[in-house]
Amino acid sequence: MKIIPQPQCITELSKTVFDMKGFTLGKNSLSEEAKCDFLSFLNLPQAEKENILFKESTDLSDEEYIIETGSEIVIYSNSASGQLYALQTLKQILFQCGCKIPHIRVKDYPAHKFRGFMLDAGRYFFSVDDVKSIIRRMVLHKLNVLHLHLTEDQGWRIEIEKYPLLTEIGSSRKKTNFNHKAHSGFYTKADIKEIVDYAHAFCVKVMPEFDIPGHSRAAIAAYNDLTCFPRKLPVADHWGVKHDVLCVGNEKTMQFVYDVLDEFFEMFPDEYIHIGGDEVPKHRWDLCPACNAKRKKLGLENSDALQFWFMNTVKDYCKSHGKQAFMWSWELEDDTLLHTDLGFTKCGEMNTGNRPFIDTSTQAYYIDLPYGYISLKDSANHKIYSGNAIGVEATLWTEYVPNMKKADTMSFPRTGCLAETGWSGSCTWEAFSEKLDYYCSFLDKNNIGYAKANKANPNALRAKLSILLFERRQLVWEGLHNLFDDKKIEKIARKQS
């Protein structure tokens, strides 16, 4: 039996095959959305009596389930999530067997509690319906945390009532990388509620990301005085690290951060929140009177220490409101959950100490990167970094992913490998390749696009061409502009000193 992610144990109970003409769900704890999703997948008539039965088993953990097939299908679980994941496995059994059900027993549970998918809505905006489609794709793969990257240099994507200019100004950019088409969009609070409710209907938690103190040009474009040397700045048009970041020496900026977080806390009831922390150039802070005064007051050695102070201050604020903060940086306090942002180097083991972290390796799970950088084999063969890893996450950055069609092509079949590692505990190309044809047919059944085999595992020439095409982004990098702009800021700083 080919199933992705692979269950922990499948046992053939006998050679008997049961011919079931239709299926009807018994009493369960599932949401209406989850039940409709399963029944619509079957596209079969309902049985005259309930023949998919759900029984509570308090011995099972939260996401664990057991399926026993016979003249009836019995699902044992201790929660709605266990029932939901049992149905995802049952989908694949029925997809392969139709109504002729083998006599088997499936016992299954996740190897890792955090199995995430990150959608970057900051660069390109994805509609509510798009996000719902991604949630359904996650559930098929037994992923349980939707990480929504909502604030960026290129766009502020969420309504904040106390700061209306964030969406009035910050949600639109005049052009994107290789064309002159304007792009805009944001989620209202009603949209966010719809997304969160839909995710919860499928046992998916939603972790929003408020990316600070870097990646904040859209916020600064709306409120110029949030940065160290206030001046009129547009929402960023192109990719690349921007040198204008939040001024953490300014109490007004700190209040802005707390105010935004307060509204985030109201909109997102789950315990996780992501506060960014990566790619923060210190050029402005090194010159800024307010940042230098703050650093001196706190007795901090340099601007790196100032960032650690800022991130931990924000983390503590989140903690005081019952939230566990994630961030991209890992040089922070022990109780901070961390992502491994590894860059493009061929890293060995992460030195995380006792700190828990999520494996989002750029060598396997940065699925926006072309297959020439990360082939399907690379994703399949990646082993979770040793240490206190609590899970995995696929990260779909969208500067070059403008729509769902492109998102599917970049995400699949690589997400299948991540799902195997996150749920089953391991994945290898040798094992995954044996299921690849089946997996692609299952994706077809669910109307999910994917990269064909010759693209997903490119030969040397195709790999080099895909990398070359991707790296044309260097043509629109604002690096030279940053250098000139830095000189302007240095002149302003000298005048102020």
Side-chain angles (χ1 to χ4, degrees), residues 120-127 148-177 180-192 208-268 273-281 283-285 288 290-291 310 314 317 397-399 478 481-482 485 488-489 492:
D120 168 20
R123 273 75 177 212
Y124 275 102
F125 178 73
F126 283 71
S127 70
L148 276 179
H149 186 84
L150 293 166
T151 71
E152 251 306 333
D153 294 314
Q154 292 83 6
W156 184 282
R157 304 300 181 197
I158 183 168
E159 177 185 12
I160 300 296
E161 291 176 356
K162 194 164 186 176
Y163 298 94
L165 296 183
L166 289 173
T167 47
E168 290 178 24
I169 294 174
S171 66
S172 301
R173 56 173 171 167
K174 293 181 179 179
K175 59 183 178 181
T176 55
N177 288 307
H180 293 279
K181 294 180 181 178
H183 183 75
S184 63
F186 67 91
Y187 303 109
T188 65
K189 289 197 169 184
D191 291 335
I192 293 297
E209 182 173 352
F210 174 27
D211 198 348
I212 49 178
H215 292 280
S216 298
R217 266 279 293 277
I220 292 167
Y223 295 94
N224 301 154
D225 56 354
L226 291 176
T227 194
C228 294
F229 297 92
R231 63 203 194 285
K232 185 74 173 174
L233 288 168
V235 175
D237 290 329
H238 298 112
W239 83 288
V241 176
K242 312 306 175 189
H243 288 199
D244 285 283
V245 301
L246 296 183
C247 177
V248 300
N250 187 340
E251 290 304 318
K252 186 175 181 179
T253 301
M254 297 301 296
Q255 189 59 52
F256 166 80
V257 169
Y258 299 145
D259 290 340
V260 171
L261 285 171
D262 287 345
E263 295 198 32
F264 265 66
F265 298 154
E266 292 174 2
M267 286 185 277
F268 297 96
I273 188 167
H274 201 296
I275 54 175
D278 67 322
E279 297 179 332
V280 185
H283 179 266
R284 307 296 192 258
W285 288 3
C288 174
C291 288
F310 172 78
V314 175
Y317 188 78
W397 302 105
T398 62
E399 191 56 48
E478 293 180 321
H481 168 82
N482 285 341
D485 203 39
K488 292 179 183 178
I489 295 299
I492 293 172

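For reference, positions follow the sequence shown, starting with 1.
Annotation: ring pair (Phe, Tyr, Trp, His ring centres under 6.0 Å) contacts of Tyr124 (sequence neighbours excluded): His183. Remark: Glu251 pairs with Lys294 by the side chain to side chain donor-acceptor pair (under 3.5 Å) rule, at least two apart or across chains. Every residue was checked against the side chain to side chain donor-acceptor pair (under 3.5 Å) condition with Arg217, not counting sequence neighbours, and none meets it. In this view, Lys488 satisfies the side chain to side chain donor-acceptor pair (under 3.5 Å) rule with no residue, not counting sequence neighbours.
Closest non-hydrogen pair, Gly170 versus Ala218, comes out as O-CB, 3.6 Å. Residues Trp285 and Cys247 share a closest heavy-atom pair of NE1-CA, 4.3 Å. Heavy atoms only, all atoms of each residue included: Cys291 and Val248 are closest at SG-N, 4.0 Å. The nearest pair of heavy atoms linking Asn482 to Val241 is ND2-O, 3.2 Å. The two residues Ser216 and Pro213 have their closest heavy-atom pair at OG-O, 3.2 Å.
Residue Ile192 holds its CD1 atom at 12.0 Å from CD of Glu263, rounded to the nearest 0.5 Å. Between atom CG of residue Leu233 and atom CG of residue Asn224 there is a gap of 6.5 Å, rounded to the nearest 0.5 Å. A distance of 9.5 Å separates CG in Asp120 from OG1 in Thr151, rounded to the nearest 0.5 Å. Note that the CZ atom of Arg173 and the OG atom of Ser184 stand 10.5 Å from one another [nearest 0.5 Å]. Considering NE2 of His481 and NE2 of His243, their distance stands at 9.5 Å, rounded to 0.5 Å. In this structure, the separation between CD on Gln255 and CG on Asp262 is 8.0 Å, given to the nearest 0.5 Å.
With contacts defined as side-chain heavy-atom distances shorter than 4.5 Å, the pair Tyr187/Leu150 qualifies. For the pair Val235/Ser172, no side-chain contact is recorded, criterion being any heavy-atom separation below 4.5 Å from C-beta on.
Of the candidates Ile212, Val280, Ile275, Thr253, Ile212 is the only one forming a side chain to side chain contact (heavy atoms under 4.5 Å, CB included) with Phe310.
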Chi angles and distances behind the side chain to side chain contact (heavy atoms under 4.5 Å, CB included) call for His215, Asp278: CA-CA 8 Å; His215 292 280; Asp278 67 322; 3.6 Å; yes
Full working for side chain to side chain contact (heavy atoms under 4.5 Å, CB included) between Met267 and Ile160: CA-CA 10 Å; Met267 286 185 277; Ile160 300 296; 4.1 Å; yes
Candidate pair Lys242 and Gln154, rule side chain to side chain contact (heavy atoms under 4.5 Å, CB included), full reasoning: CA-CA 10 Å; Lys242 312 306 175 189; Gln154 292 83 6; 4.2 Å; yes
Side chain to side chain contact (heavy atoms under 4.5 Å, CB included) between Ile273 and Leu261, intermediate numbers included: CA-CA 9 Å; Ile273 188 167; Leu261 285 171; 3.7 Å; yes
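Residue pairs meeting the side-chain hydrogen bond (donor to acceptor under 3.5 Å, both in side chains) criterion with at least one member in residues 227-238, sequence neighbours excluded, are Arg231-Asp244, Arg231-Asp485. Sorted by first and then second residue, the ring-ring contact (aromatic ring centres under 6.0 Å, His included) pairs with a member in residues 148-172 read His149-Trp397, Trp156-Phe210, Tyr163-Tyr223, Tyr163-Phe256; sequence neighbours excluded.
Atom NZ of Lys189 has more than 12 neighbouring heavy atoms from other residues, nucleotides or ligands inside a 6.0 Å radius.
At least one donor-acceptor pair closer than 3.5 Å links the side chain of Arg157 to the backbone N or O of Ala121. No donor-acceptor pair under 3.5 Å is formed between the side chain of Asn250 and the backbone N or O of Ala290.
A salt bridge links Asp259 with Lys162; the closest basic N to acidic carboxylate O contact falls under 4.0 Å.
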